[in-house]
Amino acid sequence: MTVTPPVGVSLQARGQLREREVEQVQALVAAATDADGVAPLSEHVLLHLRHGGDAPGRNVLARSRDRLVGYAHVDTTHRVEGASAELLVHPDVRGRGIGRALGQAAIAASPDGRLRLWAHGEHPAAARLATALGFRRARVLWQMRRSLYAPL
């Protein structure tokens, strides 16, 4: 798959991130969380991000004029199910093809071409992007709660 970022956006795929890059990704996550009401990355990725990410994992950074505008994490360690990825785009620049480029880069980073793409929060744009990249919904996680004080 050819990765074609939008004009003015560059992609960089790397292993572990430097401290400044980690701070930039954390700020990007905070902006997306504020806009969407849900964290765009799983707890596992967020915990490992503090230390630059997993050593075997891949990080894809999308920049526009030295500003981090998108991020993808690709976990290549699952030998049975294949690689998995999570990605996010800054709310100010969504709808410009950055998510598609990050998705294509995540697919390209998969060692065997298989990829499971995770989305958090049922965001309509995430569903459209996944469909456009050829993904289908295979699993939904429901969080169900009830008060411990409610009678059974």
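Under the 4.5 Å side-chain heavy-atom criterion for Ile, Leu, Val, Met, Phe, Trp and Tyr, Leu41 and Val22 are members of the same hydrophobic cluster. Leu115 and Val89 fall within a single hydrophobic cluster, where Ile, Leu, Val, Met, Phe, Trp and Tyr side chains are chained together by heavy-atom contacts under 4.5 Å. Taken together through direct or relayed side-chain contacts under 4.5 Å among Ile, Leu, Val, Met, Phe, Trp and Tyr, Leu87 and Leu46 form parts of separate hydrophobic clusters. Hydrophobic clustering (side-chain heavy atoms under 4.5 Å, transitive across Ile, Leu, Val, Met, Phe, Trp, Tyr) groups Leu28 together with Leu49. The cluster map of Ile, Leu, Val, Met, Phe, Trp and Tyr, joined by side-chain heavy atoms under 4.5 Å apart, puts Val60 and Val93 in the same cluster.
Side-chain contact between Arg100 and Leu129: present, with at least one pair of heavy atoms (C-beta onward) separated by less than 4.5 Å. Counting heavy atoms from C-beta on, the side chains of Val25 and Leu61 come closer than 4.5 Å. Tyr71 is not listed as a side-chain neighbour of Val29, based on a closest heavy-atom distance of 4.5 Å or more. With a 4.5 Å cut-off on side-chain heavy atoms, Ile98 and Pro6 count as touching. Between His120 and Ser42 there is a side-chain heavy-atom pair separated by less than 4.5 Å. At a threshold of 4.5 Å between non-hydrogen side-chain atoms, the residues Leu88 and Asp36 do not count as touching.
Minimum interatomic distance between Ala62 and Leu102 (heavy atoms only, all atoms of both residues): CB-CD2, 4.1 Å. Scanning all heavy atoms of the two residues, the minimum distance from Gly15 to Asn59 falls at O-ND2, 2.6 Å. Nearest approach of Ala83 to Val74, heavy atoms of both residues: CB-CG1, 4.3 Å. When all heavy atoms of Gly113 and Ser110 are compared, the pair lying nearest together is N-OG, 3.3 Å. Taking both residues in full, the closest heavy atoms of Arg63 and Asp66 are given as NH1-O, 3.8 Å, listed atom of the first, atom of the second, then distance. Here the shortest heavy-atom pairing between Gly121 and Val38 reads CA-CG1, 3.7 Å.
With sequence neighbours excluded, the residues forming a ring-ring contact (aromatic ring centres under 6.0 Å, His included) with His48 are His44, listed by chain and number. For Arg18, the salt bridge (Lys or Arg N to Asp or Glu O under 4.0 Å) partners two or more places apart in sequence, or in a different chain, are Glu21.
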task: Applying side chain to side chain contact (heavy atoms under 4.5 Å, CB included), run through Glu23 and Leu17 and close with a yes or a no.
output: CA-CA 10 Å; Glu23 292 170 358; Leu17 300 176; over 6 Å; no
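Judged by distance alone, the side chain of Arg58 and the main-chain N or O of Ala106 form no donor-acceptor pair under 3.5 Å.
Crowding of Arg146 atom CZ: a count of heavy atoms from other residues, nucleotides or ligands under 6.0 Å exceeding 12.
Taking OG of Ser64 as the start and NE2 of His90 as the end, the distance is 11.5 Å to the nearest 0.5 Å. Atom-to-atom distance recorded for Glu19:CD and Arg50:CZ is 14.0 Å, nearest 0.5 angstrom.
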